[in-house]
Amino acid sequence: MSEVLNFTPIDEIEKIRDELRSGFASGKLRDIAYRKYQLVRLMYLVKDNSVRFEEALKKDLGRPVLESRMLEIHPTIGEAKTQWKNVETWAKPSKPSFNINFFAMKPITRKEPKGTVLVISPFNYPVWLSLGPVAGAIAAGCTVLLKPSELTPHTSALMTELISKYLDHDVVRVVNGAVPETTKLLDLQWDHILYTGGGRVGRIVATAAAKYLTPTTLELGGKSPVVIDPKTDVRLAARRILWGKTVNAGQTCVAPDYILVPRDFQDKFVDALKEVYEEFYPDAAKRSAVSDSYSRLITPQATARIAGLLERTQGKVVFGGEVDKDTKFIAPTAVKDVGPGDSLMSEEIFGPVLPIVPVDSIDDAIKFINEREHPLAIYVFSQDDQVKTKVFDRTQSGAVVANETVLHPGAEGLPFGGVGPSGYGMHTGQYSFDMFTHFRASLDSPGWIDAILKFRYPPYNDAKVKATLNIAPSLPKRPLGPPTKGGSKWWGKWFFLALAVAVAGLTRAKRLN
Ligand code: NAD
């Protein structure tokens, strides 16, 4: 139990879940206008209290205001607004494409809320990763229980206070706590669980969910690599990579974890990185330790873990390296000549330390990535489209991004999620709405259909068996062999057609002459 955050008594947790179930059963969220009302209230919950959120985030993470606004407050309001703006369209029943056998039965996909859902969120973007999914759940018409991180007590206490003030008690509730409280939550049945956090706990969540066959979305982490092509604007690359690594002190699930750079380009990249480091934190005497532009690590334990990785590295520290465990400070640090078996390559760093791993070539970098677990993001810095395409096409990850870092989860309309060990399922925008929605198939078949489909009823006979041919699907033309590389070019056909028309026209003109 923390001084600022009251943990929910364990014996109250089931009652809270049951009240949310009653809230769902009341049917008030069937009314889209009511969902929209709650979503606007959610937007104002954040807007009216943005300064309080900024202060809470400062206390919990030492987070500079700019980072809180850009990566937390605005995206949370933006996500609620996207849900609010689109909910009518997304909630509309949809018709499948025309099918002669079924169209008369009025096939429709109904978009129905799954029920009462559980959202477990992490410490690193505690507002966005809590209230963003809550917005998606409300838009979908679900009641939702939020379990925020105990590691951000000021922010979690503020969200608890404001949710009870701004949102319907029957629709959204909060349970605060650590492992025992979350374990109790996971003992209960839910209609969907969205978990964001590390893979170790992700496995605990998935195992608990399996007991009830609860659909689950796991938003996990991993080591997201950056591939540097020498054909790149090296200053721009250094700036965007160092920003992605130092924002929130590297505690971003899609932060660039390590760099893969062709060996003979490593020093040029390191020089650019050093210049950018001095540009970002210009006061050499103070450096980032007292900079207003730099967050802190979340706990002394997290600081000690990363400091330990740094102490054991066989690489060469090129800048940074200062650690102050008492103030949870680790300076932005770059380490070059890092080998594949180095301590810095043993786990997701989740802090402001950037290992640089020299490789022989871009192909070697791709091989390096493919020999490891699929990450949440892969970045490539290049001005050569062929290099970008190669990295995009020959690797697998939650997302793949050229010439940028960290911003893609905020891009409206794109899914946010992992693949393999970086998680399953996806969210934000319509993907969140769909995650909390049951796509319910429906038909309404008229009696006259039996004039056509009566043959299905026993007793079967030869005539009835023959009648099944009337509903057999037609096939595309039988192929003569496997496709030839490149196939026929569409413009080739048009060229020959145009040529034939021209020849025919000329022949006719000649004849008329
Ligand atoms: P975490 O797994 O330690 O904690 C997340 C949540 O799980 C918290 O609410 C916590 O109370 C709960 N929890 C912790 N131990 C538990 C247990 N034994 N049983 C049940 N619940 C438990 O994660 P974290 O340290 O808060 O976040 C860091 C990790 O999250 C990183 O790996 C990061 O990459 C990942 N992450 C992923 C995304 C994404 O969208 N994919 C976003 C942010 C963070």
Side-chain angles (χ1 to χ4, degrees), residues 1-2 5 7-8 10 13 60-61 71-72 75 79 118-130 132-133 136 145-153 155-156 159-160 174-188 190 193-209 216-224 244-245 247-257 297-299 301-303 305-306 347-351 373-377 397-399 406 408-410 414-428 431-432 435:
M1 173 84 69
S2 104
L5 185 65
F7 284 10
T8 309
I10 290 186
I13 290 176
D60 289 331
L61 285 147
L71 298 171
E72 190 109 56
E79 174 66 9
L118 172 65
V119 171
I120 305 176
S121 58
F123 74 81
N124 62 337
Y125 290 96
V127 185
W128 183 57
L129 290 168
S130 296
L145 191 141
L146 170 67
K147 156 62 185 78
S149 176
E150 70 281 17
L151 301 181
T152 49
T155 312
S156 296
M159 284 195 291
T160 309
V174 181
V175 162
N176 280 300
V179 176
E181 291 75 10
T182 319
T183 305
K184 175 67 195 173
L185 284 168
L186 291 173
D187 277 345
L188 302 174
W190 302 92
I193 300 175
L194 166 63
Y195 168 80
T196 305
R200 186 187 62 81
V201 179
R203 284 169 175 81
I204 296 174
V205 173
T207 306
T216 305
T217 304
L218 296 182
E219 295 286 344
L220 310 177
K223 287 181 87 62
S224 297
K245 190 65 174 178
V247 76
N248 207 27
Q251 300 162 111
T252 303
C253 52
V254 288
D257 189 275
L297 275 301
I298 187 68
T299 55
Q301 294 85 332
T303 317
R305 177 184 63 80
I306 299 162
E347 59 185 61
E348 180 182 0
I349 295 174
F350 219 53
E373 294 187 333
H374 301 325
L376 197 53
S397 57
V406 169
H408 61 277
L414 293 187
F416 180 32
V419 58
S422 51
Y424 49 75
M426 53 211 164
H427 71 138
T428 73
Y431 296 97
S432 288
M435 167 174 67

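Whatever order the structure lists them in is the order used to number ligands and atoms, beginning at 1. Nothing here was measured: the structure is a model prediction, and the numbers come from that model. The first residue of the sequence shown is numbered 1, and numbering continues consecutively from there.
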Can you figure out which of [options] has its heavy atom closest to [atom]?
atom                    : options                        : answer
atom 27 (O) of ligand 1 : Ser156, Gly417, Ser149, Pro122 : Pro122
atom 42 (C) of ligand 1 : Gly418, Ala377, Cys253         : Cys253
atom 24 (P) of ligand 1 : Phe123, Trp128, Tyr125         : Phe123

Identify the closest protein heavy atom to [atom]: which residue and atom is it, and at what distance?
atom                    : answer
atom 41 (N) of ligand 1 : Leu220 O, 2.6 Å
atom 14 (C) of ligand 1 : Val201 CG2, 3.8 Å
atom 10 (C) of ligand 1 : Glu150 OE1, 3.6 Å
atom 35 (C) of ligand 1 : Gly197 O, 3.3 Å

With a 4.5 Å cut-off on side-chain heavy atoms, are [Y] and [X] touching?
X      : Y      : answer
Thr196 : Ile120 : no
Glu373 : Ser422 : no
Val174 : Met159 : no

Could you see which bit of [X] sits under 4.0 Å from ligand 1, with heavy atoms only: side chain, backbone, both or neither?
X      : value
Leu376 : side chain
Ser422 : neither
Glu348 : side chain
Val254 : neither

Which atoms of ligand 1 have any heavy atom of Leu129 under 4.0 Å away?
42 (C), 43 (C)
Single hit among Leu61, Asn248, Thr303 for side chain to side chain contact (heavy atoms under 4.5 Å, CB included) with Leu297:
Thr303
Do Asp60 and Thr155 have a side chain donor and acceptor closer than 3.5 Å?
yes
Report yes or no: do Tyr125 and Thr252 form a side-chain donor-acceptor pair below 3.5 Å?
yes
Under a heavy-atom criterion of less than 4.0 Å, does Gly423 contact ligand 1?
no
Return yes when Tyr195 approaches ligand 1 closer than 4.0 angstrom through a heavy atom, no otherwise.
yes
Does the plane of the ring in Trp128 sit parallel, tilted or perpendicular to the ring in Phe416? Use 30° and 60° as the thresholds.
parallel
Lys223 and Glu347 ion-paired at < 4.0 Å
no
Backbone or side chain, does any N or O of Arg200 fall under 3.5 Å from an N or O of ligand 1?
no
